[in-house]
Amino acid sequence: MTAPRTTPATAPAYPLRLGDDALIAAQRLLQWCARAPQLEEDVALANICLDLLGQARALLTHAGELEGRGRDEDTLAFLRTEQEFTHVQLVELDNGDFAVSMAKLLFFTTYQELLYGRLAASTDPALAALAAKAVKESAYHTGHAAAWTVRLGDGTEESHHRMQHAVDTIWPYTHALFTPDALDRAAAANGTGIDPATLRPLWHERITRTLKEATLTVPDDGWAPGGGRQGIHTEAFGYLLTEMQALHRAHPGARW
Amino acid sequence: MDKDEHPLAPPGAGELLAEVEAAHTALRTAHRTTPPTATGTGAAGTPHGHGTAPDEAGLRAHFEKVIADDRKIEPRDWMPDAYRRTLVRQIAQHAHSEIVGMQPEANWLTRAPSLARKTILLAKVQDEAGHGLYLYAAAETLGVHRADLLDALHEGRQRYLSFINYPTLTWADTGALAWLTDGAAIVNQVPLCRSSYGPYARAMVRVCKEESFHHRQGFDSLWALTHGTPAQRQMAQEAVDRWWYPALAMFGPPHHASVHSEQSMAWRIKRFTNDELRQRFVDICVPQAELLGLTPPDAHLRWNDDRGHYDFTPPDFDELTRVIKGDGPCNRQRLAHRRRAHDEGAWVREAAAAHAAKHRTPHHGPHPAATTAPATVDEAAADEAAA
């Protein structure tokens, strides 16, 4: 199937990186399944995972169609190597305790909500349509993560410490969400994508509001690890990807 | 049908779903036509109270009449303590089975071989958590609390279905498990949609509709394997070899050896014997297996024209007993996983409670204490079949 011709054309690598963000976030979050602190949370986390998987599948499919080399969602998910994945490192980080997972979710989905909100006006109609749908899902995810951040921050002494520690631990990895590279700039310039740097002020304002309500301290900016967009990942990612791809790779060409 | 043409639904599945729909319609009709009485608000029209009313003989007679008339007992109606205990045990065991049953399937979530299958499997595991939620809610209408039931599960005082204690060794096990054990669960549970206890019957209607989806997805997943590579076909056959008997054992011991069956049938909590249900399951499954090109691991399986049923070798009930008593391949692992998730989540639940307490409006009191003790070990152990 050939991609609908848009003017100007979307670079396939652009939806691919957004799809990788969603896919790897979902794959990591899946590890909570049947392990959540309570049954309601098992349902909620599965819901969030399903939304993220849905976004990932649409974005990867779109990227494959734009590319025009016959790669479908599964080829892109299961047959690329570590260095070919361009998600931010934040989403691949280990789940840690429930506080770390909620900090990751809050930071990431707030970014996604703001990004999708703007992408809904993309000059790429397919990207605009899927962003318009995804932004509603992200709003729910953000609300869920924010509610837990507040409950844990303003809960018991133990939960407060854990939540503050989680926020401090994850904070450095948020900078890469807003660091544009040449691909982002080109996508922003031709109207298909967004310069992520423009999202940070509102992101910071919303996160600050939530952390304040949670009686937590907003960390200082400092160390800012990056590289995910260029295929440089943390050691943890190799294990995540190996587990995800093992069965698919063991049966080349099989259909499931 | 052409051997390679994918059936839209496995044969036999539609008939069961029609029974669920009929039960659902009957429930709705009952709600519309049962007139309220001066003595109570329950659908059965009995006074409130839990066995402390002065005229117990009258209450009991009324209860028996509601059962005999095939109407519903509702939470505020009078009911014998043994009826309440039986229901708590059965519904709790069912709820526990849903939540512990998430584990063997979650085992393959991170390794699912395509994004579509990953999505389908996750949606199924999520449904199971949802079933757990509304079954615990149904149990709570009987005066127990979820936290106490979970304690009973974690301390081994209440059980869950034995098949969950078998491992999912390959991807095909997720398909075989869904096709066979969800299929067996539907056969077991469809009659429960007409259970005499209203909240249980209503919960079962929802559960059965979703289980029917799961059963179809399992069939579909196996279909893809049996129409795939030789390695995939072998994987599917070996998984069916592993799951056939655990699924057949889900119907419990033979009727003559089932401790609770007689009373549960008299109360119309349960409506068919274990043996009748097991036969029905085999009769439904064999044509489906043929369509899939898979062979159940039973050399004596054949159609009997005289009986109008398949003859088959029953499960090894000694093995069932061993697994129920805790010595299946995964009993320790499943329970340890549950306990660990529960223990590691304790600080989160405490934080949520502390936060709620800080921000609570003054008129909300604490959660009332449980009024009914969980079932004993013996009752739970003997009850594999009753659920």
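We name chains A, B, ... by the order of the sequence lines, and we start the count at 1 in each one.
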Side-chain heavy-atom pair A:Q27, B:T110 within 4.5 angstrom cut-off: yes
Interface moiety of B:R117 toward chain A, non-hydrogen atoms closer than 4.5 Å: side chain
Short side-chain to backbone donor-acceptor contact, A:H160 and B:A351, under 3.5 Å: no
Leading residue by heavy atom contact count with chain B [cutoff under 4.5 Å; candidates A:H251, A:Q38, A:M244, A:H248]: A:M244
Residues B:E344, A:F98; criterion side chain to side chain contact (heavy atoms under 4.5 Å, CB included); working and verdict: CA-CA 9 Å; B:E344 288 178 357; A:F98 189 69; over 6 Å; no
Proximal component of A:A246, with respect to chain B [non-hydrogen, under 4.5 Å]: neither
Greatest number of heavy atom pairs closer than 4.5 Å to chain A - which of B:E128, B:H337, B:E105: B:H337
Straight-line distance of B:W108 CH2 to A:L247 CG, nearest 0.5 Å: 5.5 Å
Within-4.5 Å side-chain heavy-atom neighbours: B:T119 and A:R57: yes
Most contacts with chain A, counted as non-hydrogen pairs under 4.5 angstrom, among B:V100, B:T229, B:L133: B:L133
Which of B:Q232, B:R349, B:M102 touches chain A most, by non-hydrogen pairs under 4.5 Å: B:Q232
Region of B:L225 that comes under 4.5 Å of a non-hydrogen atom in chain A: side chain
Expected output: side-chain B:Q126 to main-chain A:A46 donor-acceptor under 3.5 Å: no
Other residues, nucleotides, ligands: >12 heavy atoms within 6.0 Å of B:H154 NE2: yes
Chain B interface, residue from A:D97, A:L240, A:N47, A:L45 that has the most non-hydrogen pairs under 4.5 Å: A:N47
Heavy atoms of other groups near A:E213 CD, more than 12 under 6.0 Å: no
Pairs of heavy atoms under 4.5 Å with chain B: top-ranked of A:S159, A:A147, A:A56: A:S159
Partner set under salt bridge (charged side-chain N to carboxylate O under 4.0 Å, His left out) for A:D154, not counting sequence neighbours: B:K358
Greater than 12 external heavy atoms within 6.0 Å of B:F213's CZ: no
Residue, of A:R162, A:E73, A:Q245, that accumulates the most heavy atom pairs under 4.5 Å with chain B: A:R162
Heavy-atom side-chain proximity of A:L60 to B:L115 below 4.5 angstrom: yes
Residues from residues 103-111 of chain A approaching chain B under 4.5 Å (heavy atoms): none
Proximity breakdown for A:R35 and chain B, heavy-atom pairs closer than 4.5 Å: both
Salt-bridge criterion met for A:E40 and B:R146 (N-O under 4.0 Å): yes
pair A:C33-B:L122: side-chain heavy atoms closer than 4.5 Å: yes
Heavy-atom contact with chain B under 4.5 Å, split by part of A:R249: neither
Per-residue contact mode, A:L53 against chain B (heavy atom under 4.5 angstrom): side chain
Chain A contact via B:V125 - side chain, backbone, both or neither, heavy atoms under 4.5 Å: side chain
Max heavy-atom pair count under 4.5 Å with chain A, selected residue of B:A346, B:S221, B:A123, B:A357: B:A123
Heavy-atom side-chain contact between A:T156 and B:W347 under 4.5 Å: no
Over 12 non-hydrogen atoms of neighbours within 6.0 angstrom of CZ in A:R255: no
A:W32 versus chain B, the contacting section by heavy-atom distance below 4.5 Å: neither
Side chain to side chain contact (heavy atoms under 4.5 Å, CB included) between A:L30 and B:K118, worked out: CA-CA 10 Å; A:L30 273 180; B:K118 191 189 286 284; 3.8 Å; yes
Pairs of heavy atoms under 4.5 Å with chain A: top-ranked of B:A106, B:A354, B:S114: B:S114
Interatomic distance, B:L150 atom CG to A:L39 atom CG [nearest 0.5 angstrom]: 8.0 Å
Max heavy-atom pair count under 4.5 Å with chain A, selected residue of B:G175, B:A353, B:A116, B:A112: B:A116
